[in-house]
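In this chain, residues are counted from 1 in sequence order. Any value given below was found using the heavy atoms of this structure, including those in side chains, with hydrogens, waters and symmetry copies removed.
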Amino acid sequence: MMPDDQFRTTTRHMLRESKTYASQTLMGGLSGFESPIGLDRRDRIAALKSGDIGFVHSWDINTSVDGPGTRMTVFMSGCPLRCQYCQNPDTWKMRDGKPVYLDAMIKKVDRYKDLFKATHGGITFSGGESMMQPAFVSRVFHAAKEMGVHTCLDTSGFLNTNYTDEMLEDIDLCLLDVKSGDEATYHKVTGGLLQPTIDFGQRLAKAGKKIWVRFVLVPGLTDSEENVENVAKICETFGDAVEHIDVLGFHQLGRPKWHELRIPYPLENQKGPNAATRERVVNQFKDHGFTVY
């Protein structure tokens, strides 16, 4: 065994060549995952680019809304958007996550593959924004598909150019957040641009992938009839790829995290939509022929 002080700095190829180094673990709050220790900045950047490691905030096994069946949902660190209603502002910065080996993640998927197959579930990458780490996510998806495990990408599509057409092949389902139907509202909600979301949805449709659209309904922000109509028209450009639209009512469950991080919360006193508003929005989408939940 090499002495610990030899892991405080790394050589250029240590991640690739040292089995002893790779056997060292630091749980970092991510139970069940090996995490590299001692990587200097250059090594981390190289490993992140290649997908040998990914920066992960947390993970869980659930049967909620992250795709069909029982799923392993992995929350990746890092996000370029700053949504006013974000529930996980603690995932915005990649450096706040923990580096996890690619092989460790693949082994975790393999451990649960029988459960996934029995429940028609699989693995979902969420965030943060998982498209910030395309090499890691796509390599895990490729390994999952080789195991016969269903794959799901939860994304805003804002970074869709990070994904090649080849990477798209290993996605079974995309949970696509269409946060607004017009550029001005989208920028107000997220600080970003709408067009990349539209482009990604159309790329998914062209590749024959399934889409569950998710739209967060915030009174006074995203609920105008015109904005909802524009969201519906965008979804129409995805054609038959859209299996359904989830209308998600705004809530305040994320507010404590903003307070804990001492970030000014723009929706401090905002209430969720009432039943009448939600019914109107649901019916708007249904009028365009969509199944709505």
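Neither Leu176 nor Val65 shares a network with the other; the hydrophobic side chains, linked directly or stepwise wherever heavy atoms of I, L, V, M, F, W or Y lie under 4.5 Å apart, form separate groups for each. The hydrophobic clustering, which links ILVMFWY residues whose side-chain heavy atoms are closer than 4.5 Å, places Leu267 and Tyr186 apart. Phe250 and Val231 are assigned to two separate hydrophobic clusters, defined by single-linkage of ILVMFWY side chains at heavy-atom distances under 4.5 Å. Hydrophobic clustering keeps Ile234 apart from Leu175 (ILVMFWY residues linked when any side-chain heavy atoms are closer than 4.5 Å, directly or through intermediates). Connection of Met105 to Phe75 is not established within any shared hydrophobic cluster, with ILVMFWY side chains joined at heavy-atom distances below 4.5 Å, either directly or through further cluster members.
In this structure, His120 places its NE2 atom where only 12 or fewer heavy-atom neighbours from other residues, nucleotides or ligands lie under 6.0 Å away. Around atom CG of Asp240, no more than 12 heavy atoms belonging to other residues, nucleotides or ligands sit under 6.0 Å away. For Glu146, the CD atom counts as densely surrounded, since its 6.0 Å shell holds more than 12 non-hydrogen atoms of other residues, nucleotides or ligands. Taking a 6.0 Å sphere around CD of Glu166, one finds it holds 12 or fewer heavy atoms contributed by other residues, nucleotides or ligands. The 12-atom threshold is exceeded at NZ of Lys117, counting heavy atoms of other residues, nucleotides or ligands nearer than 6.0 Å.
The backbone N or O of Pro68 sits less than 3.5 Å from a side-chain atom of Arg71, completing a donor-acceptor pair. Looking only at distances, a side-chain donor or acceptor of Asn274 sits under 3.5 Å from a matching main-chain atom of Ala276. When atom types are taken as modelled, the side chain of Gln133 and the backbone of Val56 share no donor-acceptor pair closer than 3.5 angstrom. Here the side chain of Asn283 pairs a donor or acceptor atom with the backbone of Glu279 at under 3.5 angstrom. His251 contributes a side-chain N or O that, together with a main-chain N or O of Leu253, makes up a donor-acceptor pair within less than 3.5 Å. Side-chain atoms of Gln252 come within 3.5 Å of backbone atoms of Gln270 as a donor-acceptor pair (strictly under, hydrogens ignored). Checked by atom type and distance alone, the side chain of Arg203 pairs as donor or acceptor with a backbone atom of Asn160 at under 3.5 Å. Without hydrogens or angle criteria, Thr277 side chain to Pro273 main chain gives no donor-acceptor distance under 3.5 Å. Between the side chain of Lys209 and the backbone N or O of Ile171, at least one donor-acceptor pair lies under 3.5 Å. Put simply, the side chain of Trp258 gets close to the backbone of Cys86: a donor and an acceptor are under 3.5 Å apart.
The nearest pair of heavy atoms linking Leu102 to Gly51 is CB-O, 3.4 Å. Scanning both residues, Thr197 and Asp177, for their nearest heavy atoms gives CG2-O, 3.7 Å. Residues Thr151 and Ala144 share a closest heavy-atom pair of CG2-CB, 3.9 Å. Across all their heavy atoms, Tyr163 and Leu153 have their closest contact at OH-CD1, 4.2 Å. Minimum interatomic distance between Glu129 and Pro80 (heavy atoms only, all atoms of both residues): CB-CD, 3.8 Å. Considering all non-hydrogen atoms of both residues, Leu194 and Glu183 come closest at N-OE1, 2.9 Å.
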Original post:
Hey, mind stepping through Gln284 and Glu225 against side-chain hydrogen bond (donor to acceptor under 3.5 Å, both in side chains) and telling me if it holds?
Top reply: CA-CA 8 Å; Gln284 281 187 260; Glu225 291 189 25; 5.1 Å; no
Original post:
Under the side-chain hydrogen bond (donor to acceptor under 3.5 Å, both in side chains) criterion, do Thr73 and Asn62 qualify, and how do the steps go?
Top reply: CA-CA 7 Å; Thr73 301; Asn62 63 72; 2.8 Å; yes
Subject >> Intermediate values then yes/no, side chain to side chain contact (heavy atoms under 4.5 Å, CB included), Asp170 and Ser138 >> reply: CA-CA 7 Å; Asp170 292 316; Ser138 63; over 6 Å; no
Original post:
Please walk me through it: do Thr291 and Glu243 pass side-chain hydrogen bond (donor to acceptor under 3.5 Å, both in side chains)?
Top reply: CA-CA 7 Å; Thr291 299; Glu243 291 195 329; over 6 Å; no
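Here the side chains of Trp92 and Ile263 are in contact, with some heavy-atom distance below 4.5 Å. Looking at heavy atoms from C-beta onward, Met76 lies out of side-chain contact with His57 at the 4.5 angstrom threshold. At a threshold of 4.5 Å between non-hydrogen side-chain atoms, the residues Ser156 and Leu81 count as touching. Between Tyr293 and Val282 the shortest side-chain heavy-atom distance does not fall below 4.5 Å.
A donor-acceptor pair shorter than 3.5 Å cannot be found between the side chains of Glu169 and His142. Side-chain contact annotation: Asp154 with Ser126, donor-acceptor N/O pair under 3.5 Å present.
A salt bridge between Lys113 and Asp110 is present, with a side-chain N of the basic residue lying under 4.0 Å from a carboxylate O of the acidic one. We find that Asp90 and Lys257 are joined by a salt bridge, their nearest charged nitrogen and carboxylate oxygen being less than 4.0 Å apart.
Below 30°, between 30° and 60°, or above 60°: for Tyr112 and Phe116 the angle between ring planes is between 30° and 60°, a tilted geometry. Using a 30° and 60° split on the angle between ring planes, His244 and Trp212 fall in the tilted class, from 30° to 60°.
Among Leu217, Val189, Leu248, the one residue that satisfies the side chain to side chain contact (heavy atoms under 4.5 Å, CB included) test with Tyr85 is Val189.
Aromatic pair Phe141/Phe125: centroids less than 6.0 angstrom apart.
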